[in-house]
Protein chains: 2
Amino acid sequence: MEDMEALPVRFPSRQHNHSSCVNKLLGDAEEECRRQKLRFTEHRRKVLEIIASSHKPLGAYDILEQMNFSGRRQAPVVAYRALDFLINLGLVHRLNSLNAFVACMAVGEDHTAQFLICRQCKNVGELNSNRVSERIEKDAVEAGFQVDQQLVEIIGICYECAESG
Amino acid sequence: MEDMEALPVRFPSRQHNHSSCVNKLLGDAEEECRRQKLRFTEHRRKVLEIIASSHKPLGAYDILEQMNFSGRRQAPVVAYRALDFLINLGLVHRLNSLNAFVACMAVGEDHTAQFLICRQCKNVGELNSNRVSERIEKDAVEAGFQVDQQLVEIIGICYECAESG
DNA sequence: ACTTTTAATGTAATATCGTAACAGTTTAAC
DNA sequence: GTTAAACTGTTACGATATTACATTAAAAGT
Ligand SMILES: [Zn+2]
Ligand SMILES: [Zn+2]
Ligand SMILES: [Zn+2]
Ligand SMILES: [Zn+2]
């Protein structure tokens with residue numbers, strides 16, 4: 001039965017309408033900030049926009065480079081502060097294997113993020129399989145380990161890259 | 001059926017005989033180098049000994065600090081070269097969430113390393129559950145993703161730390 | 001409205017992690 | 001012994017991330 005659940009997979013296809021990704025994310029951000037009475041400041045919005053601009057992960061310094069509005073070069077800490085905020089809000093994820101950041105594709109869905117990282121096109125999707133997270137939880141508990149946090153990153157080749165040789 | 005397989009869990013208990021961990025690892029290293037006609041040089045042995053000295057992960061610069069035999073401070077690259085060698089041989093693993101390194105607890109067992117990281121005692125074990133790796137593989141494939149490499153790090157509290165409050 | 005408190009920003013410096021490049025040396029192979 | 005491959009020494013640098021502290025802006029309390 002539980003094996004029949006549909007997976008909530010999201011891997012960005014080549015011709016998906018990406019502007020709707022961006023719009024949804026910014027909308028969710030605004031709504032969530034309103035709800036939690038948090039401030040969606042310029043820096044935070046800008047960093048989110050930069051990250052959301054594609055499904056390829058960006059390093060903190062890549063983001064920083066794109067923050068040169070007003071011609072001034074920002075200090076690294078400016079990017080990191082905004083990133084911390086966005087990560088805590090669940091709008092952005094950190095990829096530990098890449099030291100890089102991506103926008104969440106499943107905001108508001110209460111998921112254990114599991115990443116699909118295509119090493120050819122560099123796009124990143126989210127597998128977010130409950131079957132996987134539950135299997136990890138069960139086996140860890142069986143081993144006498146109490147799980148607080150799971151980190152799952154899957155490196156390989158996405159469907160479209162596999163097709164195009 | 002397959003759910004009845006015993007897990008090959010290894011989490012270092014407080015009173016395990018750790019010198020046998022070290023001896024086994026060094027023995028395996030020597031044997032593997034002999035078999036593959038690779039050179040188990042001083043640096044490589046020393047780095048392996050340092051990493052194997054406990055089940056707590058060490059950063060590259062921590063390792064470096066302990067390489068001051070002959071009083072001379074080694075350059076970072078010395079540690080990284082030895083680490084690369086040991087990782088390729090499967091004797092050492094890198095923990096991406098910690099930028100740190102641990103000795104493998106399952107040398108020669110052809111495993112997808114899955115780490116149990118206790119955030120209290122800092123010890124690291126290996127879950128290495130085939131059920132987990134197969135679940136990941138299946139769900140990723142179902143999502144149209146071809147898996148080359150899995151990265152699973154589980155952060156939480158180990159059995160002994162949970163017991164002692 | 002003014003004061004108090006909290007949150008966010010500006011700025012500089014520094015810590016931590018990792019790699020490139022290249023000359024010199026040792027070891028293994030021929 | 002000569003050659004080729006692997007390893008080492010050394011320097012410099014690149015990339016990632018945090019600490020500390022002064023300043024400003026916003027929210028909350030009166
Ligand atoms: Zn998109
Ligand atoms: Zn997500
Ligand atoms: Zn041990
Ligand atoms: Zn291992």
Side-chain angles (χ1 to χ4, degrees), chain A residues 29-30 32-48 50-51 56-89 91-102 122 151 153, chain B residues 29-30 32-48 50-51 56-89 91-102 122 151 153:
Chain A
E30 280 172 9
E32 198 54 21
C33 286
R34 215 177 309 120
R35 222 179 48 73
Q36 293 193 42
K37 290 183 192 277
L38 297 171
R39 282 150 68 188
F40 195 45
T41 62
E42 277 302 301
H43 285 337
R44 291 167 180 175
R45 167 182 290 275
K46 186 68 186 171
V47 168
L48 187 57
I50 291 166
I51 292 176
K56 301 187 206 305
L58 291 176
Y61 283 74
D62 298 329
I63 292 164
L64 208 55
E65 243 173 39
Q66 297 185 47
M67 289 183 76
N68 294 347
F69 40 43
S70 74
R72 313 205 46 254
R73 170 151 200 88
Q74 304 288 343
V77 71
V78 172
Y80 284 106
R81 289 203 275 230
L83 286 167
D84 284 348
F85 177 87
L86 296 167
I87 289 168
N88 284 330
L89 230 62
L91 298 164
V92 166
H93 296 298
R94 182 174 201 284
L95 299 170
N96 285 274
S97 61
L98 299 175
N99 294 335
F101 305 85
V102 279
K122 310 296 181 194
L151 197 153
E153 299 181 17
Chain B
E30 279 171 10
E32 199 54 22
C33 287
R34 214 177 310 119
R35 221 179 48 72
Q36 293 193 42
K37 291 185 192 277
L38 298 171
R39 281 148 69 187
F40 195 44
T41 63
E42 277 300 302
H43 285 336
R44 292 166 179 176
R45 166 182 291 275
K46 186 68 187 170
V47 168
L48 187 58
I50 291 166
I51 292 175
K56 301 186 206 304
L58 291 176
Y61 283 72
D62 297 329
I63 292 164
L64 207 54
E65 242 173 41
Q66 297 185 47
M67 290 183 76
N68 294 347
F69 40 45
S70 72
R72 313 204 49 253
R73 169 151 201 91
Q74 304 285 346
V77 71
V78 172
Y80 284 105
R81 289 202 275 231
L83 286 166
D84 284 348
F85 177 87
L86 296 168
I87 288 169
N88 285 329
L89 230 61
L91 297 165
V92 166
H93 296 299
R94 180 174 202 284
L95 297 170
N96 285 275
S97 61
L98 299 174
N99 295 334
F101 304 85
V102 279
K122 309 297 181 194
L151 196 153
E153 299 182 17

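First the proteins, then the strands, lettered A, B, ... as listed; each starts at 1.
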Could you tell me the separation between the [atom1] atom of [X] and the [atom2] atom of [N], rounded to a whole number of Å?
X        : N      : atom1 : atom2 : answer
B:Ile63  : C:dT16 : CD1   : P     : 15 Å
B:Asp84  : D:dA6  : CG    : C1'   : 15 Å
B:His43  : D:dG9  : NE2   : C1'   : 8 Å
A:Glu42  : D:dT24 : CD    : C1'   : 16 Å
A:Leu64  : C:dT11 : CG    : P     : 14 Å
A:Asn96  : C:dC17 : CG    : C1'   : 14 Å
B:Lys37  : C:dT27 : NZ    : P     : 17 Å
A:Phe101 : D:dT16 : CZ    : P     : 10 Å

First of A:Val77 and A:Leu38 reached from the 5' end of DNA chain C, by closest nucleotide: A:Leu38
So do [Y] and [X] actually touch side chain to side chain, heavy atoms under 4.5 Å?
X        : Y       : result
B:Leu151 : A:Asn96 : no
A:Glu153 : A:Leu98 : no
A:Arg73  : A:Met67 : no

Phosphate OP1/OP2 of D:dC7 contacted by B:Arg44 side-chain N/O (<4.0 Å): yes
Aromatic stack A:Tyr80/D:dT18: centroid gap under 5.5 Å, interplanar angle under 30°: no
Stacking of B:Tyr61 on C:dC17 base (centres under 5.5 Å, planes under 30°): yes
5' precedence on DNA chain D between B:Ala75 and B:Asn99 (nearest-nucleotide basis): B:Ala75
Taking only the side-chain heavy atoms of [X] (C-beta and beyond), determine which of [options] contains the nearest atom.
X       : options               : value
A:Arg81 : C:dG10, C:dT19, D:dT8 : C:dG10
B:Val78 : C:dT9, D:dT18, D:dT10 : D:dT10
A:Gln74 : D:dT8, C:dG10, D:dT11 : C:dG10
A:Arg39 : C:dG10, D:dA6, C:dA7  : C:dA7

Pairwise distance CZ(A:Phe85) to CG(A:Leu48) - rounded to 0.5 angstrom: 10.0 Å
Ion pair check, B:Arg35 and B:Glu32, cut-off under 4.0 Å: yes
